[in-house]
Amino acid sequence: TAALITGYVAAFGIMVVGAFQETNVLSVHVVGAMMAFVGGTVYMFLIASLGRMKDVNFGVDERQYAKARMVMAIISIISFIIIIITASIANTMWEPSVDNPGNLLWSPDDKGYNVHVVATAFEWVMALDLLAFLMTFSQELHIIQLQVVLVRHPHCSVLSSPISTTSQHTNNVLIDTENEYNSA
């Protein structure tokens, strides 16, 4: 349950970051980024810890994946600490100018520029680390099957075409609600 909640928090944070650009609403963007990074890191640790407790899941040796996931979680926390330290240093060193009153557009001439670049680089390391972490689930999730349900409404003549899939176990179901309404 804790992993599910932190996963939701991280996903919501990513949505907030995408919805509120840094140039428009900085405070909301930063809150969303913190939700995404902190939630994502906690999620990584929880999932890696849970994986160490299981032997085999869906035909995959969870302990091997748990080791790799724990390494990724450690990389994430180290990156997060570096981001917090370097971003704080860069923001205290930065001085506003007439051309650049806010600290969103950094130039190499600005004080703290190099430290800002380090913070930005580790933001990318952390984001790519989270994506790599999520990709480790491909072996477990490849057996998930989808069932396509098509519903025909009596007042709508359009019926979407079935989705093609390569799955061996997918069942397509057509529910014809017109007969249900006519028989009443």
Side-chain angles (χ1 to χ4, degrees), residues 1-54 57-58 60-142 144:
T1 304
L4 180 66
I5 292 169
T6 56
Y8 284 152
V9 167
F12 184 74
I14 291 170
M15 183 186 73
V16 169
V17 165
F20 296 93
Q21 296 177 350
E22 187 177 18
T23 55
N24 295 337
V25 190
L26 179 63
S27 59
V28 177
H29 182 84
V30 169
V31 168
M34 293 298 284
M35 290 171 65
F37 285 144
V38 172
T41 301
V42 171
Y43 176 79
M44 292 168 80
F45 274 107
L46 289 172
I47 294 298
S49 298
L50 289 173
R52 294 180 66 181
M53 295 179 206
K54 298 189 321 189
N57 189 22
F58 300 117
V60 176
D61 186 3
E62 285 286 326
R63 290 171 293 186
Q64 294 302 318
Y65 281 101
K67 290 176 188 174
R69 289 174 183 156
M70 188 58 76
V71 168
M72 291 178 187
I74 291 168
I75 289 170
S76 182
I77 193 69
I78 291 170
S79 297
F80 184 72
I81 292 168
I82 291 171
I83 291 167
I84 295 298
I85 293 170
T86 55
S88 298
I89 292 170
N91 285 330
T92 56
M93 292 176 68
W94 183 82
E95 295 175 356
S97 65
V98 176
D99 298 333
N100 189 12
N103 64 351
L104 294 178
L105 300 172
W106 291 72
S107 71
D109 299 332
D110 291 333
K111 289 183 180 178
Y113 174 77
N114 292 335
V115 183
H116 170 73
V117 169
V118 170
T120 303
F122 275 95
E123 283 181 26
W124 279 101
V125 167
M126 194 169 182
L128 293 173
D129 184 50
L130 180 59
L131 289 175
F133 181 86
L134 295 175
M135 287 173 37
T136 65
F137 292 106
S138 65
Q139 285 296 96
E140 288 127 316
L141 298 178
H142 84 279
I144 301 287

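Side chains are part of it too, since the values below use all heavy atoms of this structure and drop only hydrogens, waters and symmetry mates.
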Just by distance, do the side chain of S49 and the backbone of F45 share a donor-acceptor pair under 3.5 Å?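 Yes, the answer is positive, given that a donor and an acceptor are paired below the 3.5 Å cut-off.
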Measure from the side-chain N and O atoms of N91 to the backbone N and O of A87, and report whether any donor-acceptor pair falls under 3.5 Å.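 The answer is yes, because a donor-acceptor pair under 3.5 Å joins these two groups.
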Decide yes or no for [X] and [Y]: does some side-chain heavy atom of the first lie under 4.5 Å from some side-chain heavy atom of the second?
X: T41; Y: M126; answer: yes
X: S27; Y: V25; answer: yes
X: H116; Y: D110; answer: no
X: H29; Y: V16; answer: no

With sequence neighbours left out, the residues meeting salt bridge (charged side-chain N to carboxylate O under 4.0 Å, His left out) with K67 are none
Smallest separation among heavy atoms of [X] and [Y], with atom names:
X: G39; Y: A10; value: C-CB, 3.7 Å
X: A90; Y: V115; value: N-CG1, 4.0 Å
X: S79; Y: F122; value: OG-CD2, 3.8 Å
X: I47; Y: A3; value: CD1-CB, 3.9 Å
X: V17; Y: G32; value: CG2-C, 3.4 Å
X: K111; Y: M93; value: CB-O, 3.4 Å

M34 vs F80, test: side chain to side chain contact (heavy atoms under 4.5 Å, CB included). Steps then yes/no. CA-CA 10 Å; M34 293 298 284; F80 184 72; 3.8 Å; yes
Nearest 0.5 Å, please: how far is [atom2] in [Y] from [atom1] in [X]?
X: I14; Y: L130; atom1: CD1; atom2: CG; answer: 6.0 Å
X: L128; Y: M135; atom1: CG; atom2: CE; answer: 10.0 Å
X: I83; Y: F37; atom1: CD1; atom2: CZ; answer: 5.0 Å
X: I89; Y: I84; atom1: CD1; atom2: CD1; answer: 11.5 Å
X: I77; Y: D129; atom1: CD1; atom2: CG; answer: 11.0 Å
X: M44; Y: I75; atom1: CE; atom2: CD1; answer: 8.0 Å

Kindly determine whether F20 and N24 satisfy side chain to side chain contact (heavy atoms under 4.5 Å, CB included), including the steps that lead there. CA-CA 7 Å; F20 296 93; N24 295 337; over 6 Å; no
Residues in side-chain hydrogen bond (donor to acceptor under 3.5 Å, both in side chains) contact with T136, at least two apart in sequence or another chain: R69
Which label fits F133 and F137: parallel for a plane angle under 30°, tilted from 30 to 60°, or perpendicular past 60°? perpendicular
